[in-house]
Amino acid sequence: MPMLNVQILQGHSAAKKTDLLKMLTQSVVDSIGAPLASVRVVLQEIPPEHVIVAGEIGKEMVMITVGLIRGRTEDQKAAVIAAMAQATEQAIGVSKQNIRVILFDRPATDFGVAGGITAKAAGR
């Protein structure tokens with residue numbers, strides 16, 4: 001039940017943003033075996049004047065926040081971080097050096113799923 005919130009600077013084409021969404025989705029499926037139907041990705045575009053990186057206003061960056069149901073191994077977490085960085089670099093050309101990923105593990109009781117029940121109640 002991975003849920004990704006992806007923040008990028010404004011200015012990428014619609015085609016590049018579509019590529020990013022699709023490639024991030026597939027990177028999560030491939031790296032941790034998440035079912036495609038469970039992956040959610042939300043893309044937010046940030047005006048360059050609202051970003052500062054290493055003291056530089058408007059510097060290219062990507063921030064990906066990922067909510068996961070607790071239980072992934074350190075190796076799986078490392079794999080998904082690497083896969084998302086690779087997908088992002090390939091899709092929109094931002095260097096992996098300027099991509100940050102934050103994972104949040106949550107118990108299955110803290111995720112709501114289809115039908116308005118917890119992931120635990122749904123057997124996840």
Side-chain angles (χ1 to χ4, degrees):
M1 147 140 277
M3 295 190 293
L4 286 65
N5 182 348
V6 182
Q7 296 177 322
I8 63 173
L9 291 185
Q10 290 175 338
H12 298 280
S13 71
K16 293 278 188 186
K17 291 183 283 189
T18 296
D19 287 347
L20 178 61
L21 291 167
K22 289 179 178 181
M23 292 173 78
L24 282 172
T25 298
Q26 195 60 49
S27 72
V28 172
V29 170
D30 293 345
S31 64
I32 61 173
L36 178 61
S38 72
V39 180
R40 304 288 187 269
V41 184
V42 175
L43 181 62
Q44 296 178 314
E45 294 183 276
I46 310 299
E49 63 271 17
H50 292 182
V51 173
I52 187 167
V53 176
E56 185 180 331
I57 296 289
K59 184 174 180 176
E60 189 72 69
M61 66 85 207
V62 175
M63 290 182 53
I64 305 171
T65 306
V66 184
L68 295 171
I69 293 175
R70 192 170 288 150
R72 297 323 194 292
T73 67
E74 285 185 28
D75 287 344
Q76 287 174 311
K77 291 176 186 180
V80 75
I81 289 169
M84 287 188 296
Q86 178 65 34
T88 301
E89 184 177 60
Q90 186 176 346
I92 62 172
V94 174
S95 167
K96 287 185 262 186
Q97 295 300 315
N98 296 319
I99 299 168
R100 300 294 186 266
V101 179
I102 303 169
L103 301 178
F104 290 98
D105 277 332
R106 298 286 182 228
T109 56
D110 292 1
F111 272 89
V113 296
I117 61 174
T118 67
K120 182 178 182 179
R124 296 188 179 131

J.: side-chain hydrogen bond (donor to acceptor under 3.5 Å, both in side chains) with D105: which residues, sequence neighbours excluded?
T.: K77
J.: side-chain contact (heavy atoms from CB on, under 4.5 Å) for T88 and I64? Distances and angles first, verdict last.
T.: CA-CA 10 Å; T88 301; I64 305 171; 3.7 Å; yes
J.: Find the distance between CD (Q7) and CD (Q44) and round it off to the nearest 0.5 Å.
T.: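 The CD atom of Q7 sits 5.0 Å away from the CD atom of Q44.
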J.: Could you grab the distance from atom CE of M84 to atom CD1 of I99, nearest 0.5 Å is fine?
T.: 10.0 Å
J.: Between CD of Q86 and OG of S31, what distance do you get to the nearest 0.5 Å?
T.: 12.0 Å
J.: Which heavy atom of R72 sits nearest to which heavy atom of P2, and what is that distance?
T.: NH2-CG, 4.4 Å
J.: Applying side-chain contact (heavy atoms from CB on, under 4.5 Å), name anything that partners T18, two or more places apart in sequence or on another chain.
T.: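 With sequence neighbours excluded, T18 shows a side-chain contact (heavy atoms from CB on, under 4.5 Å) to K22, given in chain and number order.
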J.: Which heavy atom of G71 sits nearest to which heavy atom of Q76, and what is that distance?
T.: O-OE1, 4.4 Å
J.: Quick one: CD1 on I92 to CG on D19, what's the gap to the nearest 0.5 Å?
T.: 10.0 Å
J.: Under the 4.5 Å side-chain heavy-atom rule for ILVMFWY, direct or indirect, which residues accompany V53?
T.: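 ILVMFWY cluster around V53 also holds L9, I46, V51, M61, M63.
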J.: Are V62 and M23 linked, directly or through other ILVMFWY residues, by side chains that come within less than 4.5 angstrom of each other?
T.: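 No, no single cluster joins them.
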J.: Roughly how far, to the nearest 0.5 Å, is CG of L4 from CG of L21?
T.: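 With rounding to 0.5 Å, CG (L21) is 10.0 Å from CG (L4).
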J.: Of all the heavy-atom pairs spanning A85 and K96, show the shortest one and how long it is.
T.: O-CG, 3.7 Å
J.: Determine, stepwise, if the pair K17 / I8 fulfils side-chain contact (heavy atoms from CB on, under 4.5 Å).
T.: CA-CA 9 Å; K17 291 183 283 189; I8 63 173; 4.2 Å; yes
J.: Please list, chain by chain and in numerical order, all residues satisfying side-chain contact (heavy atoms from CB on, under 4.5 Å) with P47, sequence neighbours excluded.
T.: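 P47 satisfies side-chain contact (heavy atoms from CB on, under 4.5 Å) with Q10, E49, H50 once adjacent residues are dropped.
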J.: Can you list everything that forms a side-chain contact (heavy atoms from CB on, under 4.5 Å) with I81? Sequence neighbours excluded, please.
T.: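 Per chain and number, I81 pairs via side-chain contact (heavy atoms from CB on, under 4.5 Å) with V101, L103.
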J.: Quick one: list whatever passes side-chain contact (heavy atoms from CB on, under 4.5 Å) with A108, sequence neighbours left out.
T.: I69, A119, K120
J.: If Ile, Leu, Val, Met, Phe, Trp and Tyr residues are connected whenever their side-chain heavy atoms lie under 4.5 Å apart, and connections chain through other members, are V6 and M3 in the same group?
T.: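 In one cluster with V6: M3, no.
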J.: Any chance you could lay out the side-chain contact (heavy atoms from CB on, under 4.5 Å) test for L68 and I32, step after step, and finish with the verdict?
T.: CA-CA 11 Å; L68 295 171; I32 61 173; 4.0 Å; yes
